[in-house]
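All residue numbers refer to positions in the sequence shown, counting from 1. First listed ligand is number 1; within each ligand, the first listed atom is number 1. Everything quoted here is computed from the prediction, not taken from an experiment.
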Amino acid sequence: MSIIKLLTKKLERTIFTTPSHNQKPIFSQEYASFYKHDFSEIDGFDNLQNPVNSILMAQGIVSDILKTKQSFFVVQGATTAILAAMKTLINPADRVLVARNCHKSVYNGLILTAGMVDWFVPETDEKWGIYTTIDPKKLESTLELNQYKVFIMTSPTYEGINSNIAKISEICKKHDVYLIVDEAHGALYNFSDKLPKTAIEQGADVSVNSLHKSAGALNQTAILNISANIKNIHTTAFQNSLNLFQTSSPSYPLLANIEACINYLNSKNGIKDIENLILEIEKLKSELKRFGIIFYEDDNHDPTKILLRKEGISGFDLSDTLFNDFNIEDEMNNQNSCLYLTGIGTSKQKLEKLKSALKKVKTNPSFELQNIDFQPYPIVKMQPVNAYNKDFIYVNKNDALLKVSNKMILPYPPGIGLLYPGEAIQKWHLDYLNNDVEIIA
Ligand SMILES: Cc1ncc(COP(=O)(O)O)c(C=O)c1O
């Protein structure tokens, strides 16, 4: 029986188990529906840590749909899926290559695995102020220098930039390196030819999807995907690692939500919703281009992430104007551009509202966009595992240059570290730091 059916069928039993609310709210009545299907592992309800029944079946169906060897349901976000993937593939002291634009969970994974990191800096686009792709040639030369166990990268990026995973996975295989792709923002890719191919289809060993970002599921829902072609490792090892990090009381509504999400995306209606969304965005773009709006577009760009600039106005001012005058909030903005994320739940009306506002924003013809400088390569003084939980002292900002930071500089979104503990403080970091700077003693 599916997880959804299991939760919705009338329970004829009297249960003296957790959770203690008895499926009814005692307080906060407005959340009654949260309680209704909130069970724990009562008899017949299967167990996420050792699934043999409904959860196993639901995961199997999702695995078939996503064309994986195994797909695991995760109720603590892509974060936990990333940690589990890393813990499975990385042993202490293994060398790990990590794209610098990875989410901070990868840094946390380096602490937990005691992997030794080298950072790989992706290509950048100074006009848009964003990281773009992983250059396969540069990757190949890096892999020739050292034997890495794993390469971890993000594709698509927050802004929808996709790297050539087919080429990258070919290079990783040639060098005997596992490839983990954080595909948190690419959960719709399996369901439309108008979107890039999935990382798993292109040869990645492991990928992670976040279902709440674009696929319409609840916060914290995610999937960990293992490729049928992964070498020398049993999928049970991933289950074991998930069991290290995941709660022993997973939310059944979240599990049912994962099942429902993938089944819906795979249905005629789901596929139609995605195609309609892409079509509506195409229409929005072609109309707005006549109003001085410039969109980030290339062959491998995910159109559901609307990244734009407007002539005659900075990204910050555009963001503020849309927020203050039109009540529209973007996901992220920088000096030049604004990012509007869409997904399966984005209505035509919502896009119309954005379109109408963007047309009305006043601009200054003499304003010129400046390129955005990118950070130089990080100076790693201590590996993440060694920098963790160290004694620290405070120094004045004027004396902080090249000292080893005990703090992260981490703008969120996108949750990509500009400085991590164990790295030397460089000149451009100083703008982000308080007068008293925490450094490792
Ligand atoms: C690229 C990327 N990976 C992973 C995550 C973590 O996802 P979650 O919030 O589902 O744990 C995020 C969240 O912002 C992200 O942007």
Side-chain angles (χ1 to χ4, degrees), residues 71-87 96 98-112 119-122 130-134 150-163 165 168 179-189 195-196 198-200 204 206-225 241-242 244-247 250-251 254-255 257-258 261-262 301-302 304-307 329-334 339-345 408-418 420:
S71 290
F72 295 95
F73 290 7
V74 180
V75 292
Q76 285 162 208
T79 294
T80 298
I82 288 168
L83 296 180
M86 291 177 71
K87 192 70 187 162
V96 188
V98 178
R100 185 63 180 185
N101 61 339
C102 278
H103 182 257
K104 66 162 183 168
S105 50
V106 177
Y107 180 86
N108 294 340
L110 291 166
I111 297 171
L112 293 168
W119 295 102
F120 183 93
V121 180
I130 56 172
Y131 283 112
T132 59
T133 54
I134 300 294
V150 181
F151 175 49
I152 310 174
M153 59 173 287
T154 302
S155 183
T157 63
Y158 225 112
E159 298 85 2
I161 318 286
N162 281 272
S163 291
I165 305 287
I168 290 167
L179 174 62
I180 302 177
V181 178
D182 177 353
E183 199 182 41
H185 291 273
L188 299 181
Y189 289 5
L195 294 170
T198 67
I200 290 286
V206 176
S207 79
V208 169
N209 296 138
S210 182
L211 298 184
H212 58 95
K213 294 192 195 306
S214 58
L218 288 166
N219 267 334
Q220 296 189 202
T221 53
I223 303 184
L224 173 62
N225 296 304
S241 300
L242 280 165
L244 272 184
F245 299 115
Q246 284 220 99
T247 169
S251 157
L254 288 185
L255 292 173
N257 201 238
I258 298 173
C261 172
I262 298 298
H301 183 246
D302 174 343
T304 67
K305 295 146 185 43
I306 306 175
L307 179 63
E329 184 167 347
D330 53 44
E331 171 74 14
M332 202 160 55
N333 51 73
N334 65 26
L339 176 68
Y340 302 88
L341 288 188
T342 71
I344 193 93
M408 284 184 193
I409 301 177
L410 191 99
Y412 214 106
I416 297 170
L418 302 180
Y420 285 117

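Within 4.0 Å of ligand 1, heavy atoms belong to protein residues Gly77, Ala78, Thr79, Ile82, His103, Thr154, Tyr158, Asp182, Ala184, His185, Ser210, His212, Lys213, Tyr412.
Rounded to the nearest 0.5 angstrom, Gln76 CD and Thr221 OG1 are separated by 12.5 Å.
Residues satisfying the ring-ring contact (aromatic ring centres under 6.0 Å, His included) test with Phe73, not counting sequence neighbours, are none. Applying the side-chain hydrogen bond (donor to acceptor under 3.5 Å, both in side chains) criterion to His103, with sequence neighbours excluded, gives Ser105, Tyr412. With sequence neighbours excluded, no residue forms a ring-ring contact (aromatic ring centres under 6.0 Å, His included) with Phe245.
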Walk me through it: do Phe151 and Val98 pass the test side chain to side chain contact (heavy atoms under 4.5 Å, CB included)?
-> CA-CA 6 Å; Phe151 175 49; Val98 178; over 6 Å; no

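Aromatic ring orientation, Trp119 versus Tyr107: parallel (interplanar angle below 30°, classes split at 30° and 60°).
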